[in-house]
**Student:** 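Have a look at the structure that comes next, please.
In the text below, chain A, chain B and the rest are named by the order of the sequence lines, each starting its count at 1. On a predicted model such as this, the values are computed, not experimentally measured, just so you know.
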Amino acid sequence: MIELSNIVKSFGKQTILHNVSLSVKKGEVVVIIGPSGAGKSTLLRCINKLEDIDSGEIVIDGERLTRDKKQIRKLRAEVGMVFQQFNLFPHLTARDNIALGPTYTLKQGKANIDKIVDDILFKVGLLEKKMSYPGQLSGGQQQRIAIARALAMQPKAMLFDEPTSALDPELVGEVLNVMRDLAKDGMTMVCVTHEMKFAREVADRVIVMVDGRILEEGTPETIFTNPREERTQSFLRSILQKN
Amino acid sequence: MDFHIVWVYRHLILQGFLVTVEISAMTIVTSTIVGLIAGLLKTSKHKWLISPIIAYVEIFRGSPVLIQLFMVYFGLPYLGVSISMFNAVLLVFTLYSGAYIAEIVRAGIESISNGQREAAMTIGLTYSQMMRKIILPQALRVILPPLFGWYISLLKDTSIASVIGYTEMVFQGQNVINMTDRPFEVYLTVAALYFIISYPLSKFVDWMERRRAYA
């Protein structure tokens, strides 16, 4: 579904990603972990071209990405993205946040959109917040609406960029539950997260990134109980101490 | 003080008042269009578009509008371009005010976080959909108070056109003074008439800013 080969990305003189290759199968849930500054978010943002890559190749669902604006827009419509800071549109209700993509990008009729919105709000458990503005919602609710907004595009894959890092601890659970349900439904997912329990439970594969490189990867079982690399061990120790 | 004499020449002052309102209203419309376009272009990613816009904005903000008016009205005919007084005033105030409005618009657009742009892109919106549905509606709340503040300045700045003989309110006031020799009363009247328009506008700006603070 997602094929990254030899991705190189630098900001100015600093190289953030060194020849990173990663392949995600349809329906697979891949969790990327690693210390901050490892390039996890940048890698995720390269997948839907929020960042231009310096070299390498990205193939999404069999289609090789170019710099063509139309193609990039089409790709973005097919790959959902959830941000750490939610990035909901504050001047629009939950309904309109969700309906925007289907209306303008998918060009759906109104009746169809009302159904899409209701179905998805039900899925994330926020049907009663349909007419609320983002400012009237808690962080956890906002992030669930943001997930709903991405899902409304009926994406082939979802990217999560530290979706719970900006949340108060007691609100993390509700967002992870929605993500868990998504994974169960067979959604292809790539998540950057520090939620190790979630990674362990939901991931098919865990990728450890350090200094712009993939250090090691494997099943959650292997990575969490029997990591090969010393850097992975020390990273996991530091995370576990924090929790 | 003798305001009776002002009352006698009221039709001249009123005529000037109407011309002032007219040229202000017209330049508000034209310069808002110019400023909006220039401001939008200034936030675009195309470097070759940005440089000429920067030059335009800096030149018109960096020189006195009086000199701009002199150059267009008295200077252009020497280059073989004849321009009527009205057109000169309209052109100069449109470009002058457009330069300021471009900066107000640019600042408003740039105040919207990049996350909003990225979120709009990830749901596949085009640049123009993103601008119309996401960025501008939010930026407008930032733009409107300084924009109306600028309109107040522009209203008063049009008095400068009296210097080249444009028959707006100050020019007509000077006519009345020439006939009556009562500068204090006439200027006070003229000032009061400016105040009558600008004060409600400035109250409106206050109201918008209060509303923004709560929202």
Side-chain angles (χ1 to χ4, degrees), chain A residues 41 44-45 47-52 69-92 96-108 116 133-136 142-143 145-155 157-161 166, chain B residues 32 36 39-50 104-148 204-205 207-215:
Chain A
S41 291
L44 206 64
R45 292 163 57 83
I47 297 178
N48 69 350
K49 285 270 186 176
L50 284 179
E51 305 288 353
D52 268 332
K69 273 188 184 164
K70 246 189 174 154
Q71 190 204 27
I72 292 173
R73 249 206 334 275
K74 178 171 158 275
L75 149 86
R76 283 177 177 151
E78 290 172 353
V79 179
M81 174 101 181
V82 175
F83 300 90
Q84 182 177 354
Q85 301 295 338
F86 330 139
N87 294 342
L88 287 179
F89 308 127
H91 60 302
L92 300 176
D96 289 345
N97 264 280
I98 298 168
L100 210 58
T103 309
Y104 290 101
T105 308
L106 304 181
K107 304 205 165 25
Q108 300 277 335
I116 294 174
Y133 286 89
Q136 301 166 319
Q142 287 190 49
Q143 192 60 299
I145 296 292
I147 294 173
R149 176 176 65 186
L151 289 177
M153 297 294 295
Q154 287 149 341
M158 289 278 285
L159 311 176
F160 293 86
D161 188 4
Chain B
T32 301
L36 192 62
L40 276 169
L41 290 179
K42 234 185 145 183
T43 63
S44 81
K45 275 193 242 157
H46 307 289
K47 289 252 157 29
W48 55 274
L49 264 173
I50 296 175
I104 293 172
V105 169
R106 179 199 57 77
I109 290 172
E110 284 177 358
S111 75
I112 305 304
S113 85
N114 214 26
Q116 292 290 306
R117 261 165 270 255
E118 291 185 349
M121 287 194 274
T122 55
I123 55 171
L125 298 190
T126 62
Y127 175 81
S128 105
Q129 286 166 343
M130 170 180 84
M131 275 298 165
R132 280 182 293 122
K133 301 293 165 186
I134 307 298
I135 307 297
L136 284 178
Q138 294 183 67
L140 220 52
R141 300 158 61 90
V142 181
I143 289 171
L144 282 181
L147 184 62
F148 274 76
F204 181 58
V205 173
W207 175 78
M208 278 193 292
E209 280 184 334
R210 264 202 314 277
R211 214 181 52 146
R212 206 182 110 200
Y214 286 116

**Student:** Quick one: CD on A:Gln85 to CD on B:Gln116, what's the gap to the nearest 0.5 Å?
**Tutor:**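 Here the interatomic distance stands at 11.5 Å.
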**Student:** Select, from A:Pro90, A:Gly80, A:Ala77, the one with the greatest count of heavy-atom pairs under 4.5 Å involving chain B.
**Tutor:** A:Pro90
**Student:** Distance from A:His91 atom NE2 to B:Gln138 atom CD, nearest 0.5 Å?
**Tutor:** 5.0 Å
**Student:** Can A:Val82 and B:Thr122 be said to form a side chain to side chain contact (heavy atoms under 4.5 Å, CB included), step by step?
**Tutor:** CA-CA 9 Å; A:Val82 175; B:Thr122 55; over 6 Å; no
**Student:** Just how far is it from atom CG of A:Leu50 to atom CZ of B:Arg117, taken to the nearest 0.5 Å?
**Tutor:**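 Going from the CG atom of A:Leu50 to the CZ atom of B:Arg117 covers 13.0 Å.
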**Student:** Which value, rounded to the nearest 0.5 Å, describes the distance between A:Met81 atom CE and B:Ile123 atom CD1?
**Tutor:**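 Between atom CE of A:Met81 and atom CD1 of B:Ile123 there are 13.5 Å.
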**Student:** Sort by residue number and list every member of residues 146-155 of chain A having a non-hydrogen atom under 4.5 Å from chain B.
**Tutor:** A:Arg149, A:Met153
**Student:** Mind checking the CG-OH spacing from B:Leu125 to A:Tyr104? Nearest 0.5 Å is all I need.
**Tutor:**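 Rounded to the nearest 0.5 Å, the CG-OH separation comes to 9.0 Å.
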**Student:** Checking A:Leu88 against chain B: side chain, backbone, both or neither under 4.5 Å from a heavy atom?
**Tutor:** backbone
**Student:** I need the residue from A:Glu78, A:Arg45, A:Lys69 with the largest number of non-hydrogen atom pairs under 4.5 Å to chain B.
**Tutor:**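 Counting heavy-atom pairs under 4.5 Å, the top option is A:Arg45.
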**Student:** On a heavy-atom basis, which atom in B:Ala119 and which in A:Phe89 lie closest, and how many Å separate them?
**Tutor:**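 That would be CB-CE2, 3.8 Å.
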**Student:** Under a 4.5 Å heavy-atom cut-off, does chain A meet the side chain of B:Gln129, its backbone, both or neither?
**Tutor:**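 Side chain of B:Gln129 only, per the 4.5 Å heavy-atom cut-off to chain A.
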**Student:** So which of A:Asn48, A:Val79, A:Leu100, A:Asn87 has the biggest tally of heavy-atom pairs under 4.5 Å with chain B?
**Tutor:**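 Answer, by heavy-atom pair count under 4.5 Å with chain B: A:Asn87.
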**Student:** Side chain, backbone, both or neither: which part of A:Phe83 has a heavy atom under 4.5 Å from chain B?
**Tutor:**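 Contact with chain B: side chain only.
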